[in-house]
Amino acid sequence: MLRMDWEPLIAAAAAVRANAYAPYSKFLVGAAILMEDGSIWAGANIENCLPSLTTCAERNALTAALSTGLRKPRAVAVVTDTTPPASPCGLCRQTLSEFIDIGENLPILLTNTAGEREETSLDELLPRRFKLGPVA
Ligand code: THU
């Protein structure tokens, strides 16, 4: 891939983070995903008084993109206010994995409101990930 321009993704993730609904944890997360057509989809975490119903920012962003018919995430940025920047949870890693073939990778940028940035990838965060054979 050509050098990735993270700025639009960071801006989208930082903006949507303001819409997080996190009255229980008070931990606001924003995520933005670049899809195959160049569009960017954003999501914030939405909590619930039943904790298992909480959805993370990353999955909310991905669901918004997938619901339009897009299927190939090309890059993900996550914004929190922690140092070091927070990393996607296991559920979100596996959910992203569903749309990334083995042999492909997905760049993931972890950032915080202080401006720290750490670039990682799905291969690094979820090595030897589980996939069924092609089904679609
Ligand atoms: N959270 C995310 O939205 N993304 C992550 O990668 C980690 C955790 C949310 C879930 C919950 O609302 C809050 O952060 C604390 O766990």
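No hydrogens, no waters, no symmetry mates; every other heavy atom, side chains included, goes into these values. In each ligand, atom 1 is the first atom listed, and ligand 1 is the first ligand listed.
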State whether a side-chain donor-acceptor pair under 3.5 Å links [X] with [Y].
X	Y	value
Arg93	Ser87	yes
Glu58	Thr95	no
Asp81	Thr113	no
Thr111	Glu116	no

Close-contact set for ligand 1 against Ser25 heavy atoms, below 4.0 Å: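 The list of qualifying atoms is 13 (C), 15 (C).
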Ligand-residue contact atoms, ligand 1 with Cys89, heavy atoms, under 4.0 Å: 6 (O)
Minimum-distance protein heavy atom relative to [atom]:
atom	value
atom 3 (O) of ligand 1	Ala57 N, 2.9 Å
atom 6 (O) of ligand 1	Glu58 OE2, 2.6 Å
atom 16 (O) of ligand 1	Phe27 CD2, 4.7 Å
atom 8 (C) of ligand 1	Cys56 SG, 4.2 Å
atom 12 (O) of ligand 1	Glu47 OE2, 2.5 Å

N/O separation below 3.5 Å, Asn45 to ligand 1: yes
Under 3.5 Å: N/O of Val29 near N/O of ligand 1: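 No: no nitrogen or oxygen of Val29 is under 3.5 Å from one in ligand 1.
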Check: Glu118 side chain, Pro85 main-chain N or O, donor-acceptor pair, under 3.5 Å: no
Basic-acidic side-chain contact under 4.0 Å: Lys131, Glu98: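 Here Lys131 does not pair with Glu98 in a salt bridge, since their nearest N and O are not under 4.0 Å apart.
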Heavy-atom protein contact below 4.0 Å for atom 14 (O) of ligand 1: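 Yes, there is one.
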Residue from Ile108, Asn105, Val76 passing side-chain contact (heavy atoms from CB on, under 4.5 Å) with Ser121: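 The option that passes is Asn105.
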Region of Ser87 engaging ligand 1 - heavy atom pairs below 4.0 Å: backbone
